[in-house]
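Remarks on the structure that follows.
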Amino acid sequence: NDEWLIASTTNNIEWTVNGNIGNIKILFNTDGSTNFPSPDTAYPTGNLLDTVNADTITSWNWNQIPDDPTTTGKIKLLQTTAVNGAPVLDSILAGNFTIKPTLTVVKPVIDAMFVVGRDHVVQWTTSPSVDTVNLLYHNGVSYVTPPGVTNPVTGTTCTVPICGNTTDKYYTWTLAAATVQNQNAKVKVEWPANPSAVNDIGPNDPDIFTIVAGVTLTAPTGSSVPRVGQDTDVSWTHPVGTCGLGGLCNVRIKYTTAWT
């Protein structure tokens, strides 16, 4: 009960036997019910995973667990033929189990820099395809929903030039002004159907990146012609927020005559 299985991996189904049972059918459904309407038809069209001799084995290797995420998986063992006139025997798993997808964060990569007030891509690989996830970031204390984001979020299949020609999913995260600046930021994606079942923040855990305040220079512009001896305004915009919480703190103004 409450066991987690991972799609596209393997796991044993085990049972105990008393007496002669003969062949049994191993049945599977994803709706958590005790109804297995197609016991003679192979999954995924029906419920049948396999037929085995329960007198000679007491386990069966499920290879591979299907790419069919569910929080209400159910297994039933059904005797194919009654023995010595006894009723046909069956056994149904009392609780449900979860088949969880695999999710791996691809972007942000380690040492990336995300700027408050701008759009940045969060990308994940998924098997099977999971479009909708909970997006969380670490604010220096714990994982929380980013300001301005409403979970769950729906990803889009990657395209060129955003994240290549892959089957990965991505979400464009607009960093709100209240986003906490952090030199040790992390991103996590979760499967909304059972958030505790997926908790992956990348293959190089921890994939640490940086969140910094955003600033956009508005003057002088490329067409400006400042003159020696005259005042020239230097102006900029930035997200409105508290210093350290997306807002800009002190700035350093520099200039060069040899920009490249």
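Just so you know, residue 1 is the first one in the sequence shown, and it goes up from there. In this text the structure is predicted, and so the values were computed from the model without any measurement.
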* To do: Taking the six-membered ring for Trp and the single ring otherwise, decide whether the centroids of Tyr170 and Trp124 are under 6.0 Å apart.
  =>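 Tyr170 vs Trp124: aromatic centres not under 6.0 Å.
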* To do: Check whether the ring centres of Phe209 and Phe114 lie less than 6.0 Å apart, and answer yes or no.
  =>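 Under 6.0 Å, so yes.
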Just checking [X]: does its [atom1] atom have more than 12 heavy atoms from other residues, nucleotides or ligands closer to it than 6.0 angstrom?
X: Gln64; atom1: CD; value: yes
X: Asn61; atom1: CG; value: yes
X: Asn63; atom1: CG; value: yes

If hydrophobic clusters are built by linking Ile, Leu, Val, Met, Phe, Trp and Tyr wherever their side-chain heavy atoms come under 4.5 Å apart, do [X] and [Y] end up in the same one?
X: Val105; Y: Val121; result: no
X: Val144; Y: Val189; result: yes
X: Ile57; Y: Ile24; result: yes
X: Leu93; Y: Leu27; result: no
X: Leu49; Y: Phe36; result: no

Just wondering, do [Y] and [X] contact through their side chains at under 4.5 Å, heavy atoms?
X: Thr126; Y: Thr102; value: no
X: Pro69; Y: Trp191; value: yes
X: Asp168; Y: Cys163; value: no
X: Glu190; Y: Leu136; value: yes
X: Tyr171; Y: Gln123; value: no
X: Tyr143; Y: Lys186; value: yes
X: Leu78; Y: Val88; value: yes
X: Thr145; Y: Tyr137; value: no

* Asked: How far apart are the C-alpha atoms of Asn151 and Leu135, what are their side-chain angles, what is the distance that settles it, and do they pass the side-chain contact (heavy atoms from CB on, under 4.5 Å) test?
  -> CA-CA 7 Å; Asn151 279 320; Leu135 173 64; 3.9 Å; yes
Any idea which heavy atoms bring [X] and [Y] closest together, and the distance?
X: Glu14; Y: Ser59; result: CG-CB, 3.7 Å
X: Ala7; Y: Pro128; result: CB-CD, 3.8 Å
X: Ser33; Y: Asp31; result: OG-OD1, 2.8 Å
X: Val130; Y: Val133; result: CG1-CG1, 4.0 Å
X: Ile211; Y: Val116; result: CG2-CG2, 3.9 Å
X: Ile65; Y: Thr10; result: CD1-C, 4.0 Å

[atom2] on [Y] to [atom1] on [X], rounded to 0.5 Å:
X: Thr172; Y: Ile162; atom1: OG1; atom2: CD1; result: 6.0 Å
X: Ile6; Y: Asn11; atom1: CD1; atom2: CG; result: 9.5 Å
X: Asn12; Y: Thr58; atom1: CG; atom2: OG1; result: 9.5 Å
X: Lys76; Y: Lys25; atom1: NZ; atom2: NZ; result: 10.0 Å
X: Lys107; Y: Cys158; atom1: NZ; atom2: SG; result: 7.5 Å
X: Asp111; Y: Thr210; atom1: CG; atom2: OG1; result: 7.0 Å

Determine whether a donor-acceptor pair (N or O, by modelled atom type, separation under 3.5 Å) exists between the side chain of [X] and the backbone of [Y].
X: Thr179; Y: Ala176; result: yes
X: Thr232; Y: Pro226; result: no
X: Asn84; Y: Ala86; result: no

* Any chance you could lay out the side-chain contact (heavy atoms from CB on, under 4.5 Å) test for Val83 and Ile21, step after step, and finish with the verdict? => CA-CA 7 Å; Val83 176; Ile21 301 297; over 6 Å; no
* For residues 52-129, pull every pair meeting disulfide bond (SG atoms under 2.5 Å apart), keeping only residues two or more places apart or in separate chains. =>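 Of all non-adjacent pairs touching residues 52-129, none passes disulfide bond (SG atoms under 2.5 Å apart).
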Distance alone, cut at 3.5 Å: any donor-acceptor contact between the side chains of [X] and [Y]?
X: Asp67; Y: Ser8; answer: yes
X: Asn96; Y: Lys74; answer: yes
X: Thr218; Y: Ser235; answer: yes
X: Asn29; Y: Tyr43; answer: no

* Asked: Who passes side chain to side chain donor-acceptor pair (under 3.5 Å) against Asp50, sequence neighbours left out?
  ->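 If we apply the side chain to side chain donor-acceptor pair (under 3.5 Å) test to Asp50, skipping adjacent residues, the hits are Trp60.
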* To do: Show your working on side-chain contact (heavy atoms from CB on, under 4.5 Å) between Phe97 and Ile75 and close with a plain yes or no.
  => CA-CA 9 Å; Phe97 61 90; Ile75 292 292; 3.6 Å; yes
* Would you list the pairs meeting side-chain hydrogen bond (donor to acceptor under 3.5 Å, both in side chains) in which at least one residue belongs to residues 112-122, sequence neighbours left out? =>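 Only Asp119-Thr174 qualify under side-chain hydrogen bond (donor to acceptor under 3.5 Å, both in side chains).
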* To do: Might you work through the side-chain contact (heavy atoms from CB on, under 4.5 Å) test for Ile26 and Leu48, ending with a clear yes or no?
  => CA-CA 6 Å; Ile26 303 173; Leu48 179 65; 5.8 Å; no
* What residue among Thr154, Thr156, Asp131, Thr132 forms side-chain hydrogen bond (donor to acceptor under 3.5 Å, both in side chains) with Lys169? ->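 Answer to the side-chain hydrogen bond (donor to acceptor under 3.5 Å, both in side chains) test with Lys169 among Thr154, Thr156, Asp131, Thr132: Asp131.
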